[in-house]
Chemist: 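My questions all concern the structure below.
By convention in this document, chain letters (A, B, ...) are assigned in the order of the sequence lines, proteins followed by strands, and residues within each chain are numbered from 1.
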There are 2 protein chains.
Amino acid sequence: MSPRILDEQSLRDREQLIIDVAIALIESLGVENLTMDKVIAKVPFSKGTVYKHFIGKEDLVLAISNYAINILADLFWRAAQFEGCARERMLLLNFSYLIYAVLYPALFQTVICGKSPNVYGKSSEKRLQEQEQLEFKLLGAIHGIVEDALANKSLTLPENMDIQQICFANWSMAYGTISLLSGETEQCSGRTALVVERELFNQNNLLFDGLKWSPLAQEKEYSTALKTALAKVFTKELKSLHEKGRDLNF
Amino acid sequence: MSPRILDEQSLRDREQLIIDVAIALIESLGVENLTMDKVIAKVPFSKGTVYKHFIGKEDLVLAISNYAINILADLFWRAAQFEGCARERMLLLNFSYLIYAVLYPALFQTVICGKSPNVYGKSSEKRLQEQEQLEFKLLGAIHGIVEDALANKSLTLPENMDIQQICFANWSMAYGTISLLSGETEQCSGRTALVVERELFNQNNLLFDGLKWSPLAQEKEYSTALKTALAKVFTKELKSLHEKGRDLNF
DNA sequence: TCTATTATTGACGAAACGTCACTGACGAAT
DNA sequence: ATTCGTCAGTGACGTTTCGTCAATAATAGA
């Protein structure tokens, strides 16, 4: 009368397997050519089983996006914990975002896709809530750094702005820069092309100087400080970048 | 021996008609539910004819996106021509971007969709070039303002930054802010929600102060200046916003 | 009127989607 | 051991959407 054979853990494993297969497909074909049939063909389960996990293609894409955000959250966390002044850590955090975008282009691409109405309009409520949760976690890392800065007086809130707004300012700055510039890796010309890491560095300085977040750019060599911090916190990631022939240059 | 019946102008008209129908569909159903068959059903041409204009669904979406960018370019142009100090005009231009996002959500949504690999990966080369062209035009308006500011010394280039980089800084700031916040119009809570126009105003001040672009925020009442400029340059648009019950509040 | 050329059509096959009736596996009850 | 009830898993199938192409209509000159 009660033949329950479902195992919570193996369900998770299976879901992750499907996600992994889908990511591999995205890496080789691009998100635009991802189809459920292709995923199902590469997975040891049938269509019905896959559709038990994801209500549709878009839901799968959003699941991948969530997985990707999780990875990013880990990077943010590590950056936030670096021992250094707050402004320095925030710069590091923003660069971890960039590292992520360069290192996992397929994931970054998928996250962008997840922002498309095309996708979130057809996803399950559960998955959407999960996304919200994860983004909250991301902002949490940023929030922590700003609080530290306020606590030690290196930063004071401008009139008419609260912490949340400072966090948002930082987030949207990094988001705008990276999403507009990332992906344009191979500029063919020799002219003054926009290099994403340089622009990101500039914009950090501009925004933080605008906030009068001390030490100001002219008072501290953030360039070298950032290099040190990156080498310490993101050793492995920098190595991966190097192997990709994509050393950061700012 | 030469029965050419193709008329350049009517071809354009027809293409625009298809685009208009598609926009109407997007407004009522959302981009995610746009299908070629639905478009074709509402248009006085057959499938083959429609496919003569657009190589596929994604190509149509990109065409709509381009149409949308054109409208935005017009707003930018008008903002850039306002008689006022350069920093003020730039602020106005960024707000015209916001007005656009609020006034034509379907178009804005479609432009975002056009950024998705899903779409641009399947569009015609011609359409992609057109897009590049149009975005160049957008940046041109920004460029002009910065040049004026440099010419009258209200702004000086920071070390290691050129005009293009200043333009980009502004663009990515506005893009990040609006794309992250726009669409979250109905925050259910009464707490300090992020209101897009307020954040946009803040970020303008932060960025421009960071650039030491005079007059600084503390030296000039940009809030009232912006209100005046908006009323003068975007009278019609403000009225439309008001009718939508969405007055700007910063 | 005839013809050469091009525009337009919509039926059609392919591809992808998502469903659902069926199979089978397992535990409990007899 | 057998029966039975329940649920995981299957994949064939109907549907939707896509995009093509062979056939048809339209046009202007000969």
Side-chain angles (χ1 to χ4, degrees), chain A residues 1-18 21-22 25-26 28-64 113 116 118-127, chain B residues 1-15 17-18 21-22 25-26 29-64 113 116-119 121-127:
Chain A
M1 268 225 252
S2 54
R4 305 215 164 146
I5 341 170
L6 93 174
D7 173 1
E8 193 62 31
Q9 182 55 41
S10 58
L11 271 188
R12 271 187 225 287
D13 290 350
R14 197 169 58 182
E15 186 156 317
Q16 189 57 47
L17 175 57
I18 298 172
V21 165
L25 282 171
I26 292 176
S28 58
L29 306 173
V31 211
E32 68 271 20
N33 294 313
L34 181 75
T35 72
M36 286 307 244
D37 285 352
K38 284 176 196 161
V39 173
I40 288 150
K42 289 218 166 198
V43 130
F45 323 115
S46 75
K47 196 165 245 194
T49 303
V50 171
Y51 272 90
K52 195 143 250 171
H53 288 275
F54 310 98
I55 65 171
K57 178 185 166 179
E58 289 76 15
D59 199 45
L60 171 58
V61 170
L62 197 57
I64 297 172
C113 262
S116 155
N118 234 313
V119 171
Y120 66 67
K122 293 182 181 172
S123 292
S124 65
E125 199 52 42
K126 170 199 162 200
R127 207 77 62 179
Chain B
M1 265 225 252
S2 53
R4 303 213 165 153
I5 339 168
L6 94 175
D7 172 1
E8 193 63 30
Q9 182 54 41
S10 60
L11 271 188
R12 272 186 226 286
D13 290 349
R14 196 167 60 179
E15 187 155 317
L17 174 58
I18 299 172
V21 166
L25 282 170
I26 291 175
L29 307 172
V31 210
E32 68 271 21
N33 294 313
L34 182 74
T35 70
M36 288 305 246
D37 285 351
K38 284 176 195 159
V39 172
I40 288 150
K42 289 218 165 197
V43 129
F45 322 115
S46 75
K47 194 165 250 195
T49 303
V50 171
Y51 272 91
K52 195 144 252 171
H53 288 275
F54 310 98
I55 65 170
K57 179 185 166 179
E58 288 76 15
D59 198 45
L60 171 59
V61 170
L62 198 57
I64 297 172
C113 261
S116 154
N118 235 315
V119 172
K122 293 182 183 172
S123 291
S124 65
E125 199 53 40
K126 169 199 163 200
R127 207 77 62 180

Chemist: Just how far, in rounded Å, is P of D/dG11 from CG of A/D37?
Modeler: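 For the pair A/D37 CG and D/dG11 P, the rounded distance is 13 Å.
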Chemist: Who are the salt bridge (Lys or Arg N to Asp or Glu O under 4.0 Å) partners of A/R127, not counting sequence neighbours?
Modeler: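 So A/R127 forms a salt bridge (Lys or Arg N to Asp or Glu O under 4.0 Å) with A/E15, A/D59.
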Chemist: B/L17 CG to C/dT8 P: how many Å, rounded?
Modeler: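 Taking atom P of C/dT8 as the reference, CG of B/L17 is at 13 Å.
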Chemist: Please state how far atom CD1 in A/I40 lies from atom P in D/dT10, giving the value in whole angstrom units.
Modeler: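 To the nearest whole Å, that distance equals 11 Å.
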Chemist: Mind checking the CD1-CZ spacing from A/I18 to A/F54? Nearest 0.5 Å is all I need.
Modeler: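 Interatomic distance, A/I18 CD1 to A/F54 CZ, rounded to 0.5 Å: 5.0 Å.
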Chemist: Which heavy atom of B/I64 sits nearest to which heavy atom of B/A22, and what is that distance?
Modeler: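 What the structure gives for the nearest pair is CD1-CB, 3.6 Å.
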Chemist: When the C1' atoms of the five terminal pairs at each end define the local axes, what inter-axis angle does the helix from C/dT1-D/dA30 to C/dT30-D/dA1 show, to 10 degrees?
Modeler: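 About 30°, once rounded to a multiple of 10°.
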Chemist: Quick check: does any side chain N or O of A/K122 sit under 3.5 Å from a backbone N or O of A/G56, one acting as donor and the other as acceptor?
Modeler: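 It does not hold such a pair.
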Chemist: For a side chain to side chain contact (heavy atoms under 4.5 Å, CB included) check, start with the C-alpha distance between A/D13 and A/Q16, then their side-chain angles and the critical distance, and finish with the verdict.
Modeler: CA-CA 5 Å; A/D13 290 350; A/Q16 189 57 47; 5.7 Å; no
Chemist: Can you confirm whether A/R14 sits close enough to A/V43 that some side-chain heavy atom of one is under 4.5 Å from a side-chain heavy atom of the other?
Modeler: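 A/R14 does not reach A/V43 side chain to side chain.
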Chemist: Identify, residue by residue, the members of residues 29-36 of chain B with a heavy atom below 4.0 Å from DNA chain C, and return them in order of residue number, or none.
Modeler: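 Result for residues 29-36 of chain B: none.
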Chemist: Please list, chain by chain and in numerical order, all residues satisfying salt bridge (Lys or Arg N to Asp or Glu O under 4.0 Å) with A/E8, sequence neighbours excluded.
Modeler: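 Once residues adjacent in sequence are excluded, the partners of A/E8 under the salt bridge (Lys or Arg N to Asp or Glu O under 4.0 Å) criterion are A/R12.
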Chemist: Nearest 0.5 Å, please: how far is NZ in B/K52 from CZ in B/F45?
Modeler: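 Taking CZ in B/F45 and NZ in B/K52, the distance rounds to 13.5 Å.
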Chemist: Roughly, in whole Å, what's the span from NZ in A/K47 to C1' in D/dG9?
Modeler: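 Taking atom C1' of D/dG9 as the reference, NZ of A/K47 is at 15 Å.
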Chemist: Rounded to whole angstroms, how far apart are CG on A/N118 and C1' on D/dT17?
Modeler: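 After rounding, the gap between these two atoms is 14 Å.
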Chemist: For the OG atom of A/S123 and the CD1 atom of A/I55, what is their distance to the nearest 0.5 Å?
Modeler: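 Answer rounded to 0.5 Å: 6.5 Å.
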Chemist: I need the minimum non-hydrogen distance between B/I26 and B/V31, along with the two atoms involved.
Modeler: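 Minimum heavy-atom separation between B/I26 and B/V31: CG2-N, 3.8 Å.
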Chemist: Under a 4.0 Å heavy-atom cut-off, which of residues 52-61 of chain A touch DNA chain D?
Modeler: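 DNA chain D contact set from residues 52-61 of chain A: none.
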Chemist: Atom CG of A/D7 to atom P of D/dA8: distance rounded to whole Å?
Modeler: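 For the pair A/D7 CG and D/dA8 P, the rounded distance is 12 Å.
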Chemist: D/dT20 P sits how many Å from B/Y51 OH, rounded?
Modeler: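 After rounding, the gap between these two atoms is 8 Å.
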Chemist: Reckon A/R14 has a side-chain N or O less than 4.0 Å from the OP1 or OP2 of D/dA8?
Modeler: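 No, no such contact exists.
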Chemist: Just list the side-chain donor-acceptor pairs under 3.5 Å for residues 34-42 of chain A, sequence neighbours left out, or say none.
Modeler:
| unit_1 | atom_1 | unit_2 | atom_2 | d |
| --- | --- | --- | --- | --- |
| A/T35 | OG1 | A/K38 | N | 3.1 |
| A/D37 | OD1 | A/K47 | NZ | 2.9 |
| A/K38 | NZ | A/N33 | O | 2.8 |

